[in-house]
A.B. asks: 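My structure is below; once you've seen it, I'll send some questions.
No hydrogens, no waters, no symmetry mates; every other heavy atom, side chains included, goes into these values. Residue numbers start from 1 in every chain, and the chains themselves are labelled A, B, ... in the order their sequence lines are given, proteins ahead of strands.
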Amino acid sequence: MYLAHGITRALAPPVQKFQSSIILKWILGFCWYLLHLVVSLVDMVCFLNHLLLSSIISTGLLRKYQNLKLNNLNCLAIVVDSEEAEDITKTQKLLSWLSSIDVKCITLYDLQGVLKRTIGNDFKSMTNTSLRECKMSKMTVEILSLSDGKEGIAKAANFLISKYMKDDSLRCNGTKPTFSESQVSNALEAIGYKGPDPELLLVYGPARCHLGFPPWRLRYTEIIHMGSLRFMNYGSLARALYDFSKKNQNYGK
Amino acid sequence: MLSYSSVHLASPFNHHQTILSSSPRRGLIPNDSSASFSYRPRPSPSLTSSLSPVAALPAGSSATTLVDEAEQEAAPSLPSPLKRELLPGHVAIIMDGNSRWARARGMPTSAGHEAGYQVLKKILELSYKWGIRTLTVFAFSAENWNRPKVEVDFLLMLFERVLKEGIEDFMRVGIRICLIGDSTELPESLQKLIKEVTEATKNNTKLDFIVAISYSGRRDITQACKSIAEKVKHGLIEPADITESLVAQELETNRIVELPYPDLLIRTSGELRLSNFLLWQSAYSELFFTDTRWPDFAEADYIEALTCYQSRQRRFGQRI
């Protein structure tokens with residue numbers, strides 16, 4: 001009997017400890033999921049707020065998003081995910097919005113050249129200009145793909161080096177090559193791969209990256225991720241342009 | 001503001017993960033044939049080895065204990081939203097906002113840069129601890145030479161101090177220091193110190209720490225063209241062999257590290273641009289812009305950036 005009593009006393013504390021640890025675990029787990037719920041709700045509210053604001057801007061009720069002052073926007077670039085670029089109605093709608101906002105110069109880009117194939121061909125047939133650039137009544141649209149980016153720089157390098165070798169053989173003095181940034185820029189222009197440096201680049205797609213947009217042109221470009229092209233709306237576009245118009249760049253100074 | 005698509009919290013008991021993000025990241029090889037794999041996965045520690053207390057092991061399992069301890073030491077635990085297999089291999093950071101941080105507090109600009117240095121040490125330590133393979137920081141751009149001389153001189157002295165103070169730690173933990181940028185514009189004492197530090201740490205393999213000083217993305221591309229021209233001049237290659245891959249190989253980052261292309265590029269202080277940093281290399285980098293100024297960038301902000309990276313679906317132009 002004493003032995004049984006002793007065993008019971010020895011075992012009881014671990015059993016009680018085990019029960020209290022289970023209860024504690026459940027309490028902590030509940031708190032964890034409650035915290036998760038709160039964070040999710042806050043995030044959802046922010047998302048809905050953003051959606052609501054974009055919708056209100058689209059209706060034209062907020063005056064500050066009408067008549068945007070885009071004096072510091074000489075060229076706007078748009079990067080579109082190639083898969084989403086297959087739906088050309090979206091891109092055409094985007095261009096019409098930008099035209100209504102009076103954006104004068106647009107560079108469209110997608111990695112695989114889908115836009116060149118679709119919209120580029122439409123422009124070519126309408127205006128009888130090149131596949132890459134089209135002058136419409138109110139704006140210039142340039143359409144680029146990966147081959148105009150890094151490959152363009154490789155071709156510019158080839159041009160620059162061929163010119164250097166020719167000049168070097170004429171001089172016969174074996175000077176070391178000394179290239180400058182302006183020489184690379186001139187080489188890009190000479191081979192037809194120079195274009196304006198966009199002040200603003202809007203990225204439409206799932207990933208927040210510029211997908212190989214011509215790197216030479218991206219030096220001081222503001223980059224804004226707009227989300228999927230499928231869910232684009234005028235409000236988000238107006239908001240991005242408005243925020244850009246308020247920007248001030250120091251250029252490293 | 002938290003993005004609805006990137007909220008991702010994991011239960012601390014590893015029982016349940018609630019993922020509200022879109023499809024998980026698929027890390028694929030970018031189209032650029034000269035680009036290396038963006039991430040080499042490390043083996044994850046086993047759940048039992050990380051949870052089982054050493055004292056509960058039977059007496060004859062000292063070998064197991066040593067293995068467990070070595071495993072724990074080799075793979076320290078990550079904060080809960082982060083998954084080891086989804087971490088970026090190369091993180092690049094534009095450390096912006098030191099001056100504004102100092103001005104907001106009524107302090108001199110130098111105080112902002114000092115505070116920024118402390119944050120850099122912390123982020124370097126975290127990157128090392130979490131197994132980031134390469135960390136690149138934009139310390140001083142070619143355009144920054146236009147800043148007031150007092151500030152430029154202070155920054156150059158700070159760089160010397162960073163290298164002198166850090167060399168022992170770098171050697172101890174195995175961090176390799178690499179510098180990119182036009183070092184000819186730097187003071188001779190700093191140039192000499194850079195050579196010493198890079199030479200001393202060249203055999204370290206734990207983490208490649210690239211510091212961009214007097215760096216310009218356009219100049220990087222230009223010097224690549226120049227290097228290729230010298231090779232053509234010496235008959236090593238023909239002009240017709242000049243391709244995108246060849247240009248990429250001659251870039252400063254591509255010549256010094258295994259993972260030259262950042263998977264994730266972070267810029268602090270609310271600015272949304274690259275400012276002439278890694279223009280070529282950042283083609284497929286996930287861009288993370290945060291309003292937090294660099295001296296206020298803490299572990300939580302770094303975790304947020306890495307979590308955001310993990311939740312993105314990155315296809316690099318390929319169909320999945």
A.B. asks: Between Arg218(B) (side chain) and Trp216(A) (backbone), is there a donor-acceptor pair under 3.5 Å?
C.D. replies: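 The answer is yes, because a donor-acceptor pair under 3.5 Å joins these two groups.
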A.B. asks: So what's closer than 4.5 Å to chain A heavy atoms on Glu271(B): side chain, backbone, both or neither?
C.D. replies: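 When you check distances to chain A, atoms from both the backbone and side chain of Glu271(B) fall under 4.5 Å.
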A.B. asks: Would Ile228(B) and Ile161(A) count as a side-chain contact (heavy atoms from CB on, under 4.5 Å) here? Give the steps.
C.D. replies: CA-CA 8 Å; Ile228(B) 294 171; Ile161(A) 290 163; 3.6 Å; yes
A.B. asks: Under the 3.5 angstrom rule, does the side chain of Asn158(A) hit a backbone N or O of Pro239(B) as a donor-acceptor pair?
C.D. replies: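 Confirmed, Asn158(A) side chain pairs with Pro239(B) backbone.
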A.B. asks: Test Lys233(B) against Tyr164(A) for side-chain contact (heavy atoms from CB on, under 4.5 Å), laying out the working first.
C.D. replies: CA-CA 9 Å; Lys233(B) 191 176 158 123; Tyr164(A) 159 77; 3.2 Å; yes
A.B. asks: Could you state the interatomic distance from OG (Ser180(A)) to NZ (Lys226(B)), rounded to the nearest 0.5 Å?
C.D. replies: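 Separation between the atoms: 11.5 Å.
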A.B. asks: Report the option among Ile221(B), Val247(B), Leu278(B) that has the most heavy-atom pairs separated by less than 4.5 Å from atoms of chain A.
C.D. replies: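 Most heavy-atom pairs within the cutoff with chain A belong to Ile221(B).
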A.B. asks: Taking salt bridge (charged side-chain N to carboxylate O under 4.0 Å, His left out) as the test, write out the residues that go with Glu185(B), two or more places apart.
C.D. replies: Arg219(B)
A.B. asks: Test side-chain contact (heavy atoms from CB on, under 4.5 Å) on His225(A) and Leu287(B); report intermediate values, then the result.
C.D. replies: CA-CA 9 Å; His225(A) 182 232; Leu287(B) 303 173; over 6 Å; no
A.B. asks: Check each atom of Lys247(A) against the heavy atoms of chain B and say whether the ones under 4.5 Å are side chain, backbone, both or neither.
C.D. replies: side chain
A.B. asks: What's the spacing between Phe289(B) CZ and Ile224(A) CD1 if we round to 0.5 Å?
C.D. replies: 9.5 Å
A.B. asks: Donor-acceptor check, side chain of His210(A) to backbone of Ser282(B), threshold 3.5 angstrom: yes or no?
C.D. replies: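 Yes.
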A.B. asks: Contact between Glu181(A) and Ser216(B) at the side-chain level, heavy atoms closer than 4.5 Å - yes or no?
C.D. replies: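 Yes. Closest side-chain heavy atoms under 4.5 Å.
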A.B. asks: List the atom of Ser285(B), the atom of Cys209(A), and the distance in Å for their closest heavy-atom pair.
C.D. replies: O-CB, 2.7 Å
A.B. asks: Is Tyr284(B) close to Leu111(A) at the side-chain level, that is, under 4.5 Å between some pair of heavy atoms?
C.D. replies: yes
A.B. asks: For residues Ala154(A) and Thr243(B), report the shortest heavy-atom separation together with the two atoms involved.
C.D. replies: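 Closest approach of Ala154(A) to Thr243(B): CB-C, 3.6 Å.
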A.B. asks: For Cys225(B) versus Phe179(A), what's the shortest heavy-atom pair and its separation?
C.D. replies: O-CE1, 3.7 Å
A.B. asks: Do you know which two heavy atoms are closest between Arg273(B) and Tyr220(A), and how far apart they sit?
C.D. replies: CD-O, 3.9 Å
A.B. asks: Residues two or more places apart in sequence or in another chain: which of them pass side-chain hydrogen bond (donor to acceptor under 3.5 Å, both in side chains) with Thr184(B)?
C.D. replies: Asp182(B)
A.B. asks: With a 4.5 angstrom heavy-atom cut-off, is it the side chain or the backbone of Ala224(B) that approaches chain A, or both, or neither?
C.D. replies: neither
A.B. asks: Please classify the contact of Asn49(A) with chain B as side chain, backbone, both or neither, using a heavy-atom distance under 4.5 Å.
C.D. replies: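 Nothing of Asn49(A), per the 4.5 Å heavy-atom cut-off to chain B.
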A.B. asks: How long is the gap from CG on Leu218(A) to CG on Asn276(B), to the nearest 0.5 Å?
C.D. replies: 10.0 Å
A.B. asks: What part of Ser162(A) lies closer than 4.5 angstrom to a heavy atom of chain B: side chain, backbone, both or neither?
C.D. replies: side chain
A.B. asks: For Lys231(B), look at atom NZ and say whether over 12 heavy atoms of other residues, nucleotides or ligands are found less than 6.0 Å away.
C.D. replies: no
